[in-house]
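One structure below.
In what follows, every chain begins at residue 1, and chains take the letters A, B, ... in the order their sequences are listed.
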Protein chains: 4
Amino acid sequence: MPKISYKQREGRRQQILEAALACFAEDGFHQTGMADIVKRSGLSHGAVYLYFQSKDDLIEALADDRHRRETVLNSVAQGSGDPIEGLHALVRVYAQWLTDPAGEARRRVGIHGWAEALRNRRVRTSVVEGIDMPRALIVALIERGQHAGLIKRDLSADAIARVLIAIFQGFVLQKCWGEDVDVEACMAAVAGVIEGFRATKSDMKRRTRA
Amino acid sequence: MPKISYKQREGRRQQILEAALACFAEDGFHQTGMADIVKRSGLSHGAVYLYFQSKDDLIEALADDRHRRETVLNSVAQGSGDPIEGLHALVRVYAQWLTDPAGEARRRVGIHGWAEALRNRRVRTSVVEGIDMPRALIVALIERGQHAGLIKRDLSADAIARVLIAIFQGFVLQKCWGEDVDVEACMAAVAGVIEGFRATKSDMKRRTRA
Amino acid sequence: MPKISYKQREGRRQQILEAALACFAEDGFHQTGMADIVKRSGLSHGAVYLYFQSKDDLIEALADDRHRRETVLNSVAQGSGDPIEGLHALVRVYAQWLTDPAGEARRRVGIHGWAEALRNRRVRTSVVEGIDMPRALIVALIERGQHAGLIKRDLSADAIARVLIAIFQGFVLQKCWGEDVDVEACMAAVAGVIEGFRATKSDMKRRTRA
Amino acid sequence: MPKISYKQREGRRQQILEAALACFAEDGFHQTGMADIVKRSGLSHGAVYLYFQSKDDLIEALADDRHRRETVLNSVAQGSGDPIEGLHALVRVYAQWLTDPAGEARRRVGIHGWAEALRNRRVRTSVVEGIDMPRALIVALIERGQHAGLIKRDLSADAIARVLIAIFQGFVLQKCWGEDVDVEACMAAVAGVIEGFRATKSDMKRRTRA
DNA sequence: TATGAATGAGACTTCATTCAT
DNA sequence: AATGAATGAAGTCTCATTCAT
């Protein structure tokens with residue numbers, strides 16, 4: 001017979017995760033002390049350990065949380081008709097995510113997670129799965145486009161997907177460092193990049209000849 | 001009157017920096033202990049502190065080191081004639097840097113530096129300058145190309161530069177996480193992206209009409 | 001007006017004491033957590049604290065419990081006729097207690113209690129009284145035997161009693177450490193020891209001469 | 001090139017072990033904090049961990065220390081001629097050890113070690129070896145005596161050894177609890193016990209008949 | 001210059017106990 | 001009476017840095 005309801009329990013969990021997120025965003029995983037998280041959460045040391053086994057558990061919970069959110073993010077732009085339009089839609093979704101002021105902390109923690117992924121297997125798995133998801137999505141779109149003759153065939157679908165993902169990873173970095181990034185303009189450039197993948201008449205001719 | 005020659009002193013410094021680089025690459029800045037660096041350098045605690053004031057100083061020295069190396073890297077592809085060819089040349093240089101097995105540690109430490117840049121002003125400055133350098137280079141090339149009618153004019157030069165830089169940042173991440181990145185194919189895709197920025201006849205017409 | 005019957009209350013108390021006994025036997029007093037006892041008892045933290053004021057209270061209750069059981073044990077072999085036979089009877093009773101498999105936990109906790117007695121006055125009192133009881137019994141038997149000329153007079157009754165008690169204390173240790181103790185043989189040796197205390201003809205002569 | 005000599009280092013080690021011994025004697029292993037040991041040793045927290053890996057390491061070092069001292073203790077009474085006299089010699093050695101005021105702390109820690117042996121394999125091994133040493137010694141003496149017809153043959157040598165060892169274990173307990181033990185008288189009783197093992201004329205007759 | 005033993009603040013985590021429900 | 005979530009002091013241990021040698 002639990003003393004508090006599932007909802008209450010989940011609320012406390014979120015309270016702690018939010019505190020951890022804020023702390024980690026400010027100072028990174030390893031420069032943040034449990035005391036910081038405890039203080040920020042408004043709970044006690046013991047209470048935090050009632051919900052998470054360890055600091056690492058907290059880090060991994062946030063990694064999982066991020067993973068879950070990205071799953072949702074990707075699902076948004078899944079079943080479009082026109083592949084090229086699908087890519088544009090995906091870019092719009094990620095652009096929105098990139099500029100959402102409420103997501104700043106999450107983006108910063110994301111970067112710390114990228115570094116942590118280099119030495120923590122569990123975090124790496126979560127991070128890699130997090131980019132494999134959109135990659136699979138993009139690859140599917142591109143291959144469909146290539147089949148339909150809408151996208152250049154001389155480029156590897158996987159490579160294109162990696163390029164698009166890399167662009168967003170780089171943007172996250174540049175934005176979080178406080179660079180004066182004109183996201184509008186950048187998105188236009190990305191749109192240009194995508195348009196650049198569109199098969200031209202000469203591509204079709206070349207293909208016919210080949 | 002220095003007790004040891006400049007050359008000796010510089011040698012010791014490098015010895016320490018190399019040890020630090022190796023340790024940081026493995027475990028990140030904050031999970032690496034000074035003891036690890038001391039052991040790996042083959043020197044003593046005291047000796048390390050004779051050359052560097054603190055662990056942060058060491059981190060910042062490595063950031064500066066990176067900055068210096070990137071300056072050299074950029075200078076390679078500076079004065080080309082054809083702007084588009086210049087971009088391709090730059091990409092080749094960075095692609096080489098990306099795949100150099102000897103640079104793995106540096107790339108990993110670079111990622112840790114990206115995270116550290118979020119909380120250490122000095123590191124951030126170094127990192128940001130490190131991307132501002134190639135950015136200025138790329139912007140110059142592109143603006144030259146746009147003036148000459150070789151590159152589409154409807155895209156911001158800065159945005160294009162940021163996209164290209166972002167691509168490489170993302171590639172560093174994806175490679176260092178152990179992803180199975182086909183760098184050749186990716187570089188072809190990047191080349192395709194650059195070609196996509198090339199002004200077409202319709203662009204010219206559009207421009208004439210405008 | 002108690003809310004639950006005395007019987008129920010006593011049942012709960014025993015339930016807790018049994019859980020504590022099992023835990024303490026496994027891990028000692030200070031390495032056992034209240035949480036372990038709570039879990040093993042099947043009750044709640046709060047419930048345990050309704051019956052015992054503190055962990056120390058629990059430890060002391062078990063010490064008292066032991067004390068009470070030993071009182072019973074001693075009373076068994078009290079009023080024999082022949083003093084020597086009385087000693088043998090006492091040894092048999094303790095030998096039985098030593099080999100009873102169901103008493104293993106109690107013996108182990110007993111040892112932890114011996115250590116605890118060094119720093120907890122209340123536990124020490126309980127332990128010391130626990131050995132003073134059989135000691136008094138043995139002293140009485142021996143003095144009776146010495147008066148009757150059945151037991152050597154040149155040995156202090158108290159010393160003999162302490163020796164006999166010490167033997168059993170040592171056996172508890174050796175058995176609980178998992179030593180391969182042949183209890184039968186040891187009891188035979190103890191019987192031999194007791195027989196050794198029997199006055200011989202030469203003792204009687206010596207006494208007459210003195 | 002060590003900064004301090006072996007002697008200095010060993011001195012520090014002893015300093016810490018002595019502090020630990022005093023603390024453990026007072027409060028047991030698990031109620032003693034590292035802070036207590038640190039304070040008593042006059043060193044710093046870090047210094048203690050420079051010499052011992054952990055609190056458990058400290059406990060085990062003391063167990064080993066005890067083991068080493070007991071080896072010396074046993075070696076004292078090894079090669080006697082007359083087996084019975086050998087037993088008496090051994091008893092005298094242990095009696096001395098038992099009454100040495102400077103050994104009080106060690107005896108108390110010994111008791112805590114007996115309890116700890118129930119749950120710490122390493123400590124148990126050390127403790128058990130510590131009693132196996134004198135046991136082997138006693139068994140050898142007794143078997144020699146039995147062969148020579150000086151000691152009763154109907155008692156197991158091992159059992160007699162265990163009895164003698166148990167006696168001293170029990171004495172340690174009784175003394176450390178502050179009992180008013182008349183060690184002189186007890187030793188006389190133990191001597192009596194040993195004399196009781198001596199083969200009598202009737203034993204010899206019985207043996208001849210058998 | 002160079003050493004490495006020493007420092008001590010602070011890291012993470014546990015756990016006996018309480019108290020609102 | 002009974003629950004179990006919450007508390008927070010205290011536990012063990014680490015580690016960047018210093019300083020006597």
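- Side-chain contact check for B:L58 versus B:I16: some heavy-atom pair is nearer than 4.5 Å.
- In this structure B:R66 satisfies the salt bridge (charged side-chain N to carboxylate O under 4.0 Å, His left out) test together with B:E70, sequence neighbours excluded.
- By the salt bridge (charged side-chain N to carboxylate O under 4.0 Å, His left out) test, B:E129 is found to be paired with no residue, residues two or more places apart in sequence or in another chain being considered.
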Intra- and interstrand pairs of DNA chain E - dot-bracket, Watson-Crick/G-U under 3.5 Å, | marks other strand: .||||||||||||||||||||

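- Take A:D27 and apply the side-chain hydrogen bond (donor to acceptor under 3.5 Å, both in side chains) test, not counting sequence neighbours, and it matches B:R119.
- Heavy-atom minimum distance, B:A117 versus B:V127: CB-CG2, 4.2 Å.
- Scanning all heavy atoms of the two residues, the minimum distance from D:A63 to D:S126 falls at O-OG, 3.2 Å.
- Residues from residues 23-45 of chain B with heavy atoms under 4.0 angstrom of DNA chain F, sorted by number: B:T32, B:G33, B:M34, B:H45.
- In this structure A:D65 satisfies the salt bridge (charged side-chain N to carboxylate O under 4.0 Å, His left out) test together with A:R68, A:R69, A:R106, sequence neighbours excluded.
- Contacts of D:D64 classified as side-chain hydrogen bond (donor to acceptor under 3.5 Å, both in side chains), with partners at least two apart in sequence or in another chain: D:R122.
- Evaluation of the side-chain hydrogen bond (donor to acceptor under 3.5 Å, both in side chains) test over residues 33-55 of chain B, restricted to residues two or more places apart or in two chains, returns B:E26-B:R40.
- Shown for residues 46-56 of chain B: residues whose heavy atoms fall under 4.0 angstrom of DNA chain F, namely B:Y49, B:S54, B:K55.
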Could you pull out every donor-acceptor pair under 3.5 Å between side chains of residues 7-14 of chain D and any protein atom, sequence neighbours left out?
unit_1	atom_1	unit_2	atom_2	d
D:Q8	OE1	D:S5	N	3.1
D:R12	NH1	D:Q15	OE1	3.4

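- Between D:A61 and D:L17, the shortest heavy-atom contact is CB-CD2, 4.0 Å.
- Less than 4.0 Å separates DNA chain F from no heavy atom of any residue of residues 5-20 of chain D.
- Scanning for salt bridge (charged side-chain N to carboxylate O under 4.0 Å, His left out) contacts around A:E18 gives an empty result, with sequence neighbours left out.
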